[in-house]
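Contents: one structure, followed by commentary.
The figures that follow rest on heavy atoms only: side chains count, while hydrogens, waters and symmetry mates do not.
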Amino acid sequence: AIDQVKDKVMVSLCSGRVYGSIRKYVEELNLTSFQICDGGGEIFDPVTQKPVCQKIIPPKIASQIISELKKEKIDFLASCLSRYHLDKSYMTPENVAKKYEFFVPEWPDLNDVKNPQMTKITILGVNSNNSKQIEEMLRKYSDDIHYIILAYHISQSTGIHALDLTEKSATKLTALEAYVKLN
């Protein structure tokens with residue numbers, strides 16, 4: 001169906017994932033139009049292999065959130081440079097894969113990125129025991145970030161969820177509005 005329409009209309013994915021995670025689908029479908037990624041935090045051009053629009057979490061806020069997550073021993077991923085990154089001084093890929101029962105590709109180390117420009121922070125391990133604590137922790141950042149508590153299931157067997165944080169105006173809807181203006 002996509003092959004039949006992609007020469008007549010722009011076909012784009014709109015995903016909460018980073019571009020690196022949806023690239024295989026974009027390539028499989030031979031899509032050349034912009035793609036909406038990171039829950040609206042990024043619009044990516046698969047032709048130039050570069051973002052055309054990004055909504056960056058204010059670096060000071062991102063740093064404070066990550067410090068608090070580490071202090072509370074809460075796992076997280078950071079999206080920057082169109083890829084997920086792990087803070088490998090804090091978490092190992094093996095532990096993440098085992099704890100959350102999903103495949104962890106060779107994600108780069110967040111500590112190797114100078115001045116990371118984060119489009120999303122994904123908090124892992126959100127459950128009924130800690131969701132209120134996490135929500136309370138994030139409340140003070142509500143002027144700067146957009147977040148959804150218990151956004152999606154990571155592991156069906158454990159009831160663990162994840163939570164995505166983006167810059168305040170970064171949603172799939174606002175990205176779609178920007179996408180229309182870019183085209």
Side-chain angles (χ1 to χ4, degrees), residues 1-57 62 65-66 75-88 91 93-94 96-97 99-110 112-113 116-126 145-156 160-183:
I2 290 174
D3 281 338
Q4 291 174 358
V5 299
K6 72 179 174 190
D7 291 334
K8 298 173 183 89
V9 296
M10 293 180 293
V11 176
S12 301
L13 304 179
C14 185
S15 177
R17 296 179 181 189
V18 294
Y19 182 74
S21 278
I22 66 167
R23 175 184 289 134
K24 71 178 184 176
Y25 305 112
V26 172
E27 290 172 355
E28 222 174 81
L29 297 168
N30 294 314
L31 301 178
T32 57
S33 53
F34 297 157
Q35 306 298 310
I36 297 173
C37 313
D38 264 350
E42 180 174 87
I43 300 174
F44 196 89
D45 183 347
V47 175
T48 64
Q49 291 292 298
K50 294 183 179 170
V52 293
C53 180
Q54 290 182 310
K55 299 279 186 157
I56 305 299
I57 299 170
I65 290 170
I66 287 173
D75 297 337
F76 65 93
L77 300 174
S79 300
C80 60
L81 305 171
S82 304
R83 296 184 69 187
Y84 291 119
H85 289 68
L86 277 177
D87 182 331
K88 292 185 180 177
M91 304 164 25
E94 299 78 24
V96 171
K99 188 172 183 179
Y100 300 109
E101 301 175 352
F102 64 81
F103 172 71
V104 178
E106 188 48 45
W107 288 326
D109 190 337
L110 182 61
D112 293 340
V113 180
Q117 303 271 310
M118 293 178 221
T119 49
K120 184 174 70 175
I121 297 171
T122 299
I123 299 175
L124 304 170
V126 180
I145 61 169
H146 170 76
Y147 60 93
I148 302 168
I149 298 294
L150 302 178
Y152 53 85
H153 255 312
I154 291 179
S155 170
Q156 294 293 338
I160 293 175
H161 292 73
L163 170 102
D164 288 341
L165 313 176
T166 57
E167 185 271 338
K168 182 69 173 185
S169 67
T171 67
K172 290 177 186 173
L173 175 61
T174 59
L176 185 58
E177 292 168 344
Y179 177 94
V180 170
K181 289 177 184 174
L182 288 168
N183 290 296

(message) Do I121 and I145 make a side-chain contact, defined as non-hydrogen atoms from C-beta onward lying under 4.5 Å apart?
(response)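 I121 vs I145: side chains apart.
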(request) Could you walk me through whether S33 and S12 pass the side chain to side chain donor-acceptor pair (under 3.5 Å) test, one step at a time? (result) CA-CA 6 Å; S33 53; S12 301; 3.1 Å; yes
(request) Could you list all the side-chain hydrogen bond (donor to acceptor under 3.5 Å, both in side chains) pairs where at least one residue sits in residues 14-31, not counting sequence neighbours? (result)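 Residue pairs passing side-chain hydrogen bond (donor to acceptor under 3.5 Å, both in side chains), neighbours aside: R23-Q49.
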(request) Ignoring hydrogens and angles, tell me if any N or O in the side chain of K99 forms a donor-acceptor pair with the backbone of D75 under 3.5 Å. (result)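 Not at all, since once roles are kept as given, no pair shorter than 3.5 Å links the two residues.
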(request) Using atom types as modelled and distance alone, determine if a side-chain donor or acceptor of Q35 lies under 3.5 Å from a backbone N or O of L13. (result)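 Yes, because the side chain of Q35 sits within donor-acceptor range (under 3.5 Å) of the backbone of L13.
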Euclidean distance, [Y] [atom2] relative to [X] [atom1], rounded to 0.5 Å:
X	Y	atom1	atom2	result
Q54	C80	CD	SG	9.5 Å
L110	L86	CG	CG	9.0 Å
Y147	T166	OH	OG1	11.5 Å

(request) Can you see which heavy atom on L165 is nearest to which on I123, and at what distance? (result)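 The pair with the smallest heavy-atom distance is CD1-CD1, 4.1 Å.
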(message) Suppose we screen for salt bridge (charged side-chain N to carboxylate O under 4.0 Å, His left out). Which residues come up paired with E94, at least two apart in sequence or across chains?
(response)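 Not a single residue meets the salt bridge (charged side-chain N to carboxylate O under 4.0 Å, His left out) criterion with E94.
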(message) I'd like to know if K120 pairs up with D38 as an ion pair, taking the criterion as any Lys NZ or Arg NE/NH1/NH2 lying under 4.0 Å from an Asp or Glu carboxylate oxygen.
(response)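 Between D38 and K120 there is a salt bridge, with a charged N closer than 4.0 Å to a carboxylate O.
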(request) Using a strict 4.0 Å threshold on nitrogen-to-oxygen distance, state whether E106 and K88 make a salt bridge. (result)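 Counted as a salt bridge, because a side-chain N and a carboxylate O are separated by less than 4.0 Å.
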(request) Examine the side chains of T119 and Q117 and answer whether a donor and an acceptor come within less than 3.5 Å of each other. (result)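 Distance-only check fails for T119 and Q117.
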